[in-house]
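This report refers to the structure that appears directly beneath it.
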There are 2 protein chains.
Amino acid sequence: MGERKEKPQYLTLKRFILELLRKGKLSPHEKLPSERDLTKQFALNRNTVRHALGILEREGKIYRSGRKGWFASGQRLVFDPSKEHVNFDKLARKQGFTPAWQVLESGTMQATGELQELFNVEEGTELFHVFETGSLDGHQVYYSEYFFLAEICPGFLPKIVSRPMTDVLREDYSIHLYQKDLLIRPINMEEETASHIGLPTHSPGIFFRRIKNSQQGRIVQVDYEYWRADSIELRSTFSS
Amino acid sequence: MGERKEKPQYLTLKRFILELLRKGKLSPHEKLPSERDLTKQFALNRNTVRHALGILEREGKIYRSGRKGWFASGQRLVFDPSKEHVNFDKLARKQGFTPAWQVLESGTMQATGELQELFNVEEGTELFHVFETGSLDGHQVYYSEYFFLAEICPGFLPKIVSRPMTDVLREDYSIHLYQKDLLIRPINMEEETASHIGLPTHSPGIFFRRIKNSQQGRIVQVDYEYWRADSIELRSTFSS
DNA sequence: GAGTGGTCTAGACCACACA
DNA sequence: GTGTGGTCTAGACCACTCC
């Protein structure tokens with residue numbers, strides 16, 4: 001009657017791993033024992049082990065990398081969605097990370113569909129596109145697709161390989177970006193997105209769609225960003 | 001060599017259900033076929049069926065309710081995290097929902113631990129606490145725990161059963177709340193939290209911690225809110 | 001009582017990673 | 001080649017819901 005219910009066994013494993021993390025016996029980015037090792041240690045079936053690991057993954061405590069295994073999550077990059085200016089490089093350095101990014105592809109294209117609507121331009125208007133990945137301390141954390149109005153920044157593309165995009169726009173074109181619209185959605189990473197960051201399909205992620213104005217109020221940039229969910233923390237501080 | 005890889009079978013089921021949703025053959029809040037029905041229809045094992053359903057759940061397309069089954073998600077409440085004022089009742093009505101809330105428990109307590117730190121008051125300072133759930137169109141979507149500085153609003157608790165909390169503070173105490181700090185985190189709902197909203201453990205959720213000032217700049221309220229992840233959409237629009 | 005979702009076992013085969 | 005995670009099967013028992 002008043003008996004305590006049996007706790008599910010996956011909770012035992014989950015708590016064990018949380019303890020390892022709490023006590024520092026698993027350092028950030030350290031690999032966990034293999035799933036089969038855990039089945040032996042806890043006399044559990046591999047399905048049950050994977051159930052426990054999946055829960056920890058969705059809580060952001062651990063993450064998977066490729067097919068290489070499960071790893072303890074690192075420190076989160078704190079990100080303020082209420083700020084109108086966003087500069088990954090500066091933000092990360094301020095928080096003690098070593099950020100890096102790599103352009104995977106860039107070029108010109110013509111506006112159609114959603115992009116045409118968002119930019120509010122005629123179909124066929126020329127856009128620059130940039131696909132890149134970014135990392136913190138050597139660990140890949142995001143994949144993004146940026147789109148710019150080509151006419152406002154001729155010769156833009158070669159410059160961004162080595163300099164932060166916001167710096168190039170400010171210094172070379174006197175364009176200051178202001179975030180106008182921000183959409184945030186927790187997602188499962190689709191195969192293609194995940195593969196760019198070296199993650200397995202269905203890794204938990206956070207998606208951002210940003211629409212940015214120039215100081216003249218014109219929409220000049222649209223970003224789609226896909227972040228590893230455990231790599232960031234969303235926190236707004238209001239100054240008023 | 002150039003052969004297409006076999007698609008995983010759970011993807012077949014996943015896409016089938018997405019099609020049902022897209023075509024409107026599953027209306028919002030309509031129950032899906034039982035897991036065992038789906039195993040028969042698709043000649044799949046129940047584990048595989050549950051895998052597919054879990055992915056759809058984490059994408060916010062479907063949700064579970066109690067042990068009653070899986071349901072198609074409804075329309076999302078659009079929520080702007082950059083706004084300093086938040087009023088669930090008004091926000092929901094403006095978007096065509098019929099909101100409701102229910103106070104589960106309320107009373108007085110003394111500040112300790114994190115609450116004492118957040119309020120920045122002496123240990124033992126009297127606080128009001130209110131635990132409540134909220135629903136949209138009859139479907140429970142959040143559970144929250146509010147804490148107030150008791151001294152600024154004597155006689156507060158009986159009033160909030162029937163009136164929105166922000167209205168009571170404004171009309172009866174001339175207190176206007178300003179969001180000062182906002183923390184957003186995707187979570188798995190823990191057993192206790194989930195049970196308040198009639199959800200099973202590990203339902204995907206979004207957690208908010210809000211710290212609110214009065215117009216005098218004093219911290220007067222701290223909220224912890226747990227939302228069903230599929231019930232809201234985060235979107236900021238900047239007016240500048 | 002029949003059916004539901006939640007938990008769990010004991011296997012299996014595959015593609016891929018690493019040594 | 002050995003071990004890894006990803007996918008999948010064929011069962012089982014339980015607590016709970018609904019009729």
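- At C:dC8, none of the side-chain N or O atoms of A:Y10 fall inside 4.0 Å of OP1 or OP2 (strictly under the cut-off).
- Taking the ring-ring contact (aromatic ring centres under 6.0 Å, His included) definition, one finds that A:Y143 meets it with A:H196, sequence neighbours left out.
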Practice problem: Go through A:Q140 and A:T133 one step at a time and tell me if the side-chain hydrogen bond (donor to acceptor under 3.5 Å, both in side chains) criterion holds. | Solution: CA-CA 7 Å; A:Q140 288 191 302; A:T133 61; 3.2 Å; yes
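- Less than 6.0 angstrom separates the ring centroid of B:F148 from the ring centroid of B:F156.
- Here B:T48 does not reach the OP1 or OP2 of D:dT7: none of its side-chain N or O atoms lies under 4.0 Å away.
- If you check every strand for non-hydrogen atoms under 4.0 Å, B:A52 touches nothing.
- Side-chain contact annotation: B:N87 with B:D89, donor-acceptor N/O pair under 3.5 Å absent.
- In summary, the aromatic rings of B:F128 and B:Y146 are positioned with their centroids too far apart to meet the 6.0 Å limit.
- Using a 30° and 60° split on the angle between ring planes, A:H29 and A:H139 fall in the parallel class, below 30°.
- With C:dC13, C:dC8, C:dA10 as the choices, the nucleotide that has an atom nearest any side-chain atom of A:N47 turns out to be C:dA10.
- Test A:H51, A:K61, A:E59 against A:K14 for side chain to side chain contact (heavy atoms under 4.5 Å, CB included) and you get one pass: A:E59.
- Atom-to-atom, NE2 of A:H202 to C1' of D:dG5 comes out at 13 Å; the value is rounded to the nearest Å.
- For the pair B:M189 CE and C:dG6 P, the computed distance is 15 Å after rounding to whole Å.
- Note: A:Y226 and A:F207 have tilted aromatic rings, judged against thresholds of 30 and 60 degrees for the angle between ring planes.
- Rounded to a whole Å, the CD atom of A:Q9 is 13 Å from the C1' atom of C:dG6.
- Rounding to whole angstrom units, CD of residue B:E191 and P of C:dG6 are separated by 12 Å.
- In this structure, the CH2 atom of A:W70 is 9 Å from the C1' atom of D:dG5, given to the nearest Å.
- Scanning residues 60-69 of chain B for heavy-atom distances under 4.0 Å to DNA chain D yields B:R67, B:K68.
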Exercise. Any chance you could encode DNA chain C as dot-bracket? Rule is Watson-Crick or G-U wobble with both distances under 3.5 Å; [ ] for pairs crossing earlier ones, | for another strand.
Key: ||||||||||||||||||.
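- Judged by the 6.0 Å and 45° rule, A:R228 forms a cation-pi pair with A:Y63.
- Atom-to-atom, CZ of B:R46 to C1' of D:dT9 comes out at 14 Å; the value is rounded to the nearest Å.
- If you measure from atom NE2 of A:H51 to atom P of C:dG6, you get 9 Å, rounded to the nearest angstrom.
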Would you list the atom pairs, donor with acceptor, under 3.5 Å between side chains in residues 15-22 of chain B and any protein atom, with sequence neighbours excluded?
{"residue": "B:E19", "atom": "OE1", "partner": "B:R22", "partner atom": "NH2", "Å": "3.0"}
{"residue": "B:E19", "atom": "OE2", "partner": "B:R22", "partner atom": "NE", "Å": "2.8"}
{"residue": "B:E19", "atom": "OE2", "partner": "B:R22", "partner atom": "NH2", "Å": "3.4"}

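- Rounded to whole angstrom, the span from the CZ atom of A:R50 across to the P atom of D:dT7 amounts to 7 Å.
- With a 4.5 Å cut-off on side-chain heavy atoms, A:F97 and A:L77 count as touching.
- Taken residue by residue, residues 25-41 of chain B places no heavy atom nearer than 4.0 Å to DNA chain D.
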Donor-acceptor contacts, no H, no angles, side chain residues 198-205 of chain A, under 3.5 Å, sequence neighbours left out:
{"residue": "A:H202", "atom": "NE2", "partner": "B:Y10", "partner atom": "OH", "Å": "2.9"}
{"residue": "A:S203", "atom": "OG", "partner": "A:P200", "partner atom": "O", "Å": "2.9"}

